[in-house]
2 protein chains.
Amino acid sequence: MKILVVEDEPAMVELLRYNLESEGFDVASAPDGEEAIMAIEEQSPDMVLLDWMIPKVSGIEICRRLRRDQKFRNLPVIMITARGEESDRVRGLDVGADDYVAKPFSPAELMARIRAVLRRGNPNAGGESLQIADVNMDLVAYKVSRGSRELHLGPTEFKLLRFFMERPGRVLTREQLLDGVWGQNVYVEDRTVDVHIRRLRKVLNENGDVDLIRTVRAVGYCFEKA
Amino acid sequence: MKILVVEDEPAMVELLRYNLESEGFDVASAPDGEEAIMAIEEQSPDMVLLDWMIPKVSGIEICRRLRRDQKFRNLPVIMITARGEESDRVRGLDVGADDYVAKPFSPAELMARIRAVLRRGNPNAGGESLQIADVNMDLVAYKVSRGSRELHLGPTEFKLLRFFMERPGRVLTREQLLDGVWGQNVYVEDRTVDVHIRRLRKVLNENGDVDLIRTVRAVGYCFEKA
DNA sequence: CCTCAGTCAGAAAAAATTTATAAATAACAA
DNA sequence: TTGTTATTTATAAATTTTTTCTGACTGAGG
């Protein structure tokens with residue numbers, strides 16, 4: 001779980017880094033708005049702690065941009081700032097921040113808010129199994145079954161199916177699948193996805209079961225919800 | 001959008017009701033924990049404003065129960081309470097509340113927090129589907145339906161319809177359509193647009209439905225608003 | 001060995017574009 | 001109005017292109 005701290009005061013960065021690392025998070029930091037934007041693109045953190053008053057591009061502006069960008073729309077953002085005025089708080093939240101913490105803040109409360117925001121973003125976390133239609137994936141035992149039939153999946157097929165089942169009903173592009181299943185800086189061909197889709201289908205539909213994976217031509221694939 | 005207010009002081013309920021209704025929410029209320037639980041089951045609100053100190057079953061306990069219940073795991077909860085101590089705030093958030101507001105609070109800030117929490121819960125709200133007349137386009141699942149009938153569109157028809165539905169009631173020239181749907185440096189004949197319009201019409205009006213695409217002679221086509 | 005990931009290449013399927021022709025509409029003159 | 005003509009759009013069929021499917025092959029690693 002990586003958290004990007006966007007803050008220009010080194011002392012504050014260190015305070016946050018210390019607390020976050022104690023909670024087991026990876027921490028990256030950026031001292032100003034421009035670097036923040038680059039860091040978000042490059043490191044794809046799981047959450048951003050964003051100071052309002054930072055050089056170059058303001059926190060508010062960054063937040064607005066993230067919310068407009070399809071790719072980062074759901075990236076959790078907590079705004080941190082010295083401005084405690086109510087109107088500022090309202091503005092911070094309305095611009096799309098997930099939460100708002102005023103300086104000076106208590107580290108324990110900030111950590112609680114971080115946990116709360118992350119818990120929301122990942123409502124599946126904590127769940128030990130996924131169930132879509134008649135397909136069940138046991139994330140603890142790493143076993144998958146369709147109906148009463150146990151399925152044997154290779155590691156990649158497993159991750160692929162999991163990625164699908166965490167996003168049922170969504171059409172996912174090959175690029176999204178490669179990023180999510182293979183990892184972001186892995187170079188493999190687009191066609192590789194096709195092949196694994198085929199293998200997954202083969203196992204999933206061994207009996208005459210209906211195909212739950214829908215091909216959306218020129219876009220990608222979708223695991224059907226119902 | 002229905003919000004359940006769980007609060008035992010009538011004056012506070014009225015204050016909240018007034019503010020919420022001004023923002024266009026439906027409001028239900030429950031004076032204690034037991035009634036709250038029933039109200040959640042029966043009315044299935046979209047969000048709960050939960051006072052910590054209420055009779056019978058405490059707010060904390062209700063929150064805990066909701067978080068354990070598969071059915072209500074994702075129901076947004078904002079805790080409201082007189083207790084402003086940091087340890088209480090941490091506890092409120094860690095028990096699974098989506099946000100925490102201490103009394104006395106400013107109505108404007110509470111409303112901003114409500115909007116923020118609802119926005120999160122509904123990441124689909126931000127233009128993930130288009131609806132014009134009885135035609136619905138789901139941009140996440142890539143599914144199009146007219147009335148209750150599902151339609152099958154090829155990639156180009158899909159993009160074309162999307163382009164139209166994003167600009168209902170506007171007459172679009174073939175050139176505009178080619179730029180918008182095909183891309184700006186693609187050379188294809190004008191007639192190609194006609195062909196795709198025809199295919200789109202065919203699918204859209206398979207039943208005896210009225211044609212929503214109006215031909216504007218010597219200009220182009222228009223997707224009718226109503 | 002055995003399993004599995006990745007690549008490739010040809011087959012198959014689906015969809016896009018062009019072409020040719022028919023139909024519709026507008027413009028205009030009688 | 002009524003024909004006539006020119007222009008524009010509709011439609012089906014043919015062709016081409018794009019995209020996906022599929023089986024087979026290779027090599028890595030247990």
Side-chain angles (χ1 to χ4, degrees), chain A residues 142-144 150-164 171-206 209-224, chain B residues 142-144 150-164 171-206 209-224:
Chain A
Y142 272 68
K143 283 185 172 174
V144 182
E150 276 250 347
L151 308 181
H152 172 72
L153 297 180
T156 304
E157 279 100 56
F158 186 91
K159 279 189 279 184
L160 180 60
L161 179 59
R162 174 176 183 170
F163 195 73
F164 271 124
V171 175
L172 300 165
T173 64
R174 289 181 177 74
E175 196 185 340
Q176 287 174 316
L177 293 168
L178 286 172
D179 280 359
V181 176
W182 276 260
Q184 302 188 307
N185 6 16
V186 181
Y187 170 70
V188 289
E189 297 288 323
D190 269 14
R191 298 291 120 233
T192 300
V193 176
D194 300 30
V195 174
H196 281 276
I197 289 281
R198 154 139 176 76
R199 290 174 180 158
L200 186 53
R201 274 181 170 147
K202 208 167 189 171
V203 179
L204 231 35
N205 313 334
E206 261 164 359
D209 289 331
V210 286
D211 191 1
L212 292 170
I213 299 173
R214 170 166 56 106
T215 301
V216 181
R217 214 153 223 275
V219 186
Y221 298 93
C222 170
F223 194 82
E224 296 287 9
Chain B
Y142 277 83
K143 283 184 172 176
V144 181
E150 276 247 350
L151 309 180
H152 172 72
L153 298 180
T156 303
E157 280 102 57
F158 187 92
K159 279 189 279 183
L160 181 60
L161 178 59
R162 174 175 182 172
F163 195 74
F164 272 124
V171 177
L172 300 164
T173 65
R174 288 182 178 74
E175 195 185 341
Q176 286 174 317
L177 292 169
L178 285 171
D179 279 0
V181 176
W182 276 258
Q184 304 195 309
N185 17 15
V186 180
Y187 169 71
V188 289
E189 298 290 324
D190 271 13
R191 297 292 115 237
T192 301
V193 177
D194 299 30
V195 174
H196 282 279
I197 289 282
R198 152 143 174 75
R199 292 213 276 250
L200 187 52
R201 275 179 169 148
K202 204 168 189 171
V203 179
L204 232 36
N205 314 333
E206 260 164 359
D209 290 330
V210 286
D211 190 1
L212 292 170
I213 299 173
R214 174 164 51 100
T215 302
V216 181
R217 215 183 157 79
V219 186
Y221 300 92
C222 169
F223 193 82
E224 298 288 7

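Labels below follow one simple rule: chain letters A, B, ... track the order of the sequence lines, proteins then strands, and each chain is numbered from 1.
Of the residues B:Leu204, B:Leu200, B:Leu160, the one that meets the side-chain contact (heavy atoms from CB on, under 4.5 Å) test with B:Leu153 is B:Leu200.
At a threshold of 4.0 angstrom between heavy atoms, the contacts of A:Phe158 with the nucleic acid are absent. Among the atoms of the strands shown, base atoms are found under 4.0 Å from some heavy atom of B:Thr192.
When the side-chain nitrogen and oxygen atoms of A:Thr215 are compared with OP1 and OP2 of D:dC21, one or more of them lie within a distance under 4.0 Å.
Formation of a donor-acceptor pair under 3.5 Å by the B:Arg201 side chain with backbone atoms of B:Ile213 is found in this model.
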Give the B/S/- string for nucleotides 24-30 of chain D, one per nucleotide from 5' to 3', where a protein heavy atom under 4.0 Å of the base yields B, of only the sugar-phosphate yields S, and otherwise -. B------
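Salt bridge A:Glu157/A:Lys202: absent, no basic N to carboxylate O contact under 4.0 Å.
Around atom CD of A:Glu175, no more than 12 heavy atoms belonging to other residues, nucleotides or ligands sit under 6.0 Å away. Counting non-hydrogen atoms of neighbouring residues, nucleotides and ligands closer than 6.0 angstrom, the CD atom of A:Glu206 exceeds 12 such neighbours.
Remark: the A:Arg191 side chain and the D:dT20 base include no donor-acceptor N/O pair separated by less than 3.5 Å.
Comparing the helix axis at one end of the helix from C:dC1-D:dG30 to C:dA30-D:dT1 with that at the other, each defined from 5 consecutive pairs, gives an inter-axis angle of 30° (nearest 10°).
Of all nucleotides in DNA chain C having an atom under 4.0 Å from a heavy atom of chain B, the first and last in 5' to 3' order are C:dA15 to C:dA26.
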